[in-house]
Structure formats: C-alpha cells, structure tokens
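A quick write-up on the structure given underneath.
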Amino acid sequence: GQTLYESWIVTSYNLILTAASPFSYGIFEKDLREEIIEKYPLSYREMQTGDLFTMRSFVFWMAKAIWHSIVVYFGMYFSVQNDVIFPTGEVSDLSIMGMLASFLMLFIVSLEMVLETKNFNVFHHVSIWGGLIVYSLFLLVYCTIDGGFVTNDMYFTIYWLLKSPTFYLGMVILPTLAMLPEFSLKL
C-alpha cells in the first residue's frame, strides 16, 4: 500500500514540530505564577502528585485527537477530490492530499498549543510560530529538488498547492471546524 505522507515530510514534521513545541511547553509553561505558589504552596501539590492526569483527561485528549483526524481526513478528501491543481489539468493526487494533511495537522497542533498555553513567553512564540515558518520553508525548498532523495511526486507540489484556492479555504475552514469544540469549551 501507499502512505499518505512522503517520508521526508514525516521526518521533518517529527523533528521540527514534535520536538520543539512540546519541549518548550514542558520547560517554560507555568500553570501557576510563582507568587501564588509561594503564598499557597498546597495549591501546587495537585500538580506534583499527578492527580490532574486521570483516565478522564486521557480519554478527553484522545477524543480530541480522533475528532481532529476525522475532520482533516474527510474535509481534505472532499475538498481536493475533483480540484484541478496541476498545470496539466489533472486533479489532485495522494501527494497533494498528504501535503495538505500535513499543513492542516501542523496548524491544528499549533492552535492546540496556543489554546493550552497559559503564560506565553518568547520561547513559546518561537517554538509555535517558528515551527510553522521553518516547516513551510523546508517544504518550499524540498519541493524544488528534482531527483535524488526527493520523489518525483513531490517536485513542485507545494507550489501547485499554494496556487489553489482550495488550499486557502481548507486552511481556514478545516482548522476552525476541528477546533470548534475546543473554542466552545474555552468560552
């Protein structure tokens, strides 16, 4: 069978985003301000004992992930199904779907990090927005290399995708739909 994502795209996604954003979040995020912890030290006990990570919170996070996947897969599938993207007049293929899915998941994961971050600092901004920029730049460069370790399916794919109105509509509508339950819970 075929995979949805090209191997170098998965590798760059894992190296750039799976490492940077959660790492900076884990190191620099503060649930409570230092003054509150010093004044009320027992308020931090619940976080130290791990009582906040329960089976209920695990199921909640898994349900969100499944919802995001459903929205991205079916939204992407129906949006590019008959869209003419290639200059030869061909409709989109698996490489277009994979690249669109990687952009969508990247954007949704970044939005999730923004929603969950309570105290932004420069490290959060660099890891979230910098990750988006670095990943986009990687794809812009990667898709201009013909031959070698780049498959022919990926050659100029990002540029054809960026010319498609479907890409921009998808980048607005699908993340909004995927994050709608979370936006409503945060309000």
Side-chain angles (χ1 to χ4, degrees), residues 1-28 64-117 122-179:
Q2 288 182 303
T3 60
L4 181 61
Y5 302 107
E6 203 270 335
S7 62
W8 281 97
I9 290 178
V10 171
T11 303
S12 66
Y13 177 84
N14 286 333
L15 288 175
I16 295 168
L17 298 161
T18 306
S21 294
F23 180 77
S24 70
Y25 184 84
I27 298 294
F28 300 109
K64 288 194 314 185
I66 291 169
W67 170 250
H68 293 164
S69 300
I70 289 170
V71 168
V72 167
Y73 179 78
F74 287 107
M76 172 192 62
Y77 176 78
F78 290 118
S79 66
V80 299
Q81 170 173 320
N82 295 314
D83 191 24
V84 175
I85 291 182
F86 296 106
T88 58
E90 298 172 25
V91 295
S92 61
D93 61 0
L94 195 59
S95 61
I96 292 289
M97 286 182 66
M99 191 164 293
L100 181 57
S102 70
F103 264 110
L104 287 168
M105 290 311 294
L106 165 67
F107 196 62
I108 290 169
V109 167
S110 298
L111 284 174
E112 187 73 48
M113 292 296 286
V114 168
L115 282 177
E116 292 300 320
T117 302
V122 69
F123 300 109
H124 289 111
H125 288 293
V126 168
S127 69
I128 294 170
W129 310 121
L132 284 167
I133 292 168
V134 168
Y135 187 72
S136 300
L137 291 175
F138 166 77
L139 287 177
L140 289 172
V141 171
Y142 178 69
C143 289
T144 59
I145 302 169
D146 188 22
F149 64 90
V150 178
T151 62
N152 288 337
D153 292 343
M154 297 308 297
Y155 186 63
F156 261 74
T157 301
I158 187 69
Y159 297 99
W160 295 324
L161 187 60
L162 291 174
K163 291 179 184 177
S164 170
T166 303
F167 172 75
Y168 298 102
L169 283 172
M171 289 301 291
V172 171
I173 294 169
L174 294 177
T176 303
L177 183 60
M179 299 297 288

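Checked options Val134, Leu139, Val141, Ile133; the residue passing with Leu137 is Ile133 (criterion: side-chain contact (heavy atoms from CB on, under 4.5 Å)).
With contacts defined as side-chain heavy-atom distances shorter than 4.5 Å, the pair Val72/Phe107 does not qualify. For the pair Val114 and Trp129, the minimum side-chain heavy-atom distance is below 4.5 Å. Between Val126 and Ser24, the closest side-chain pair of non-hydrogen atoms is not below 4.5 Å.
The shortest non-hydrogen separation linking Pro22 to Met113 is N-CE, 4.1 Å. Closest approach of Phe167 and Leu161 over heavy atoms only: CB-O, 3.3 Å. In plain terms, the two heavy atoms of Glu112 and His68 that are nearest each other are OE1-CE1, 3.3 Å. Among all heavy-atom pairs drawn from Leu174 and Val71, the shortest one is O-CG1, 3.5 Å. Here the shortest heavy-atom pairing between Ile108 and Ala178 reads CD1-CB, 3.6 Å.
Between Met105 atom CE and Tyr73 atom OH the span is 14.0 Å, to the nearest 0.5 Å. Separating the CD1 atom in Ile158 from the NZ atom in Lys163 is a distance of 12.0 Å, to the nearest 0.5 Å. In this structure, the separation between CD1 on Ile173 and CG on Leu104 is 11.0 Å, given to the nearest 0.5 Å. Put simply, CE on Met99 and CG on Leu162 are 9.0 Å apart, with the number rounded to the nearest 0.5 Å. Note that the OG atom of Ser110 and the CG atom of Leu106 stand 4.5 Å from one another [nearest 0.5 Å].
Annotation for Tyr159: atom OH counts as buried by contact number, over 12 foreign heavy atoms lying within 6.0 Å. A 6.0 Å sphere centred on OH of Tyr168 holds more than 12 heavy atoms belonging to other residues, nucleotides or ligands.
Counting only distance, with no hydrogens or angles, the side chain of Tyr135 and the backbone of Ser102 share no donor-acceptor pair below 3.5 Å.
By the 30° and 60° cut-offs, the orientation of the rings of His124 relative to Tyr25 is perpendicular.
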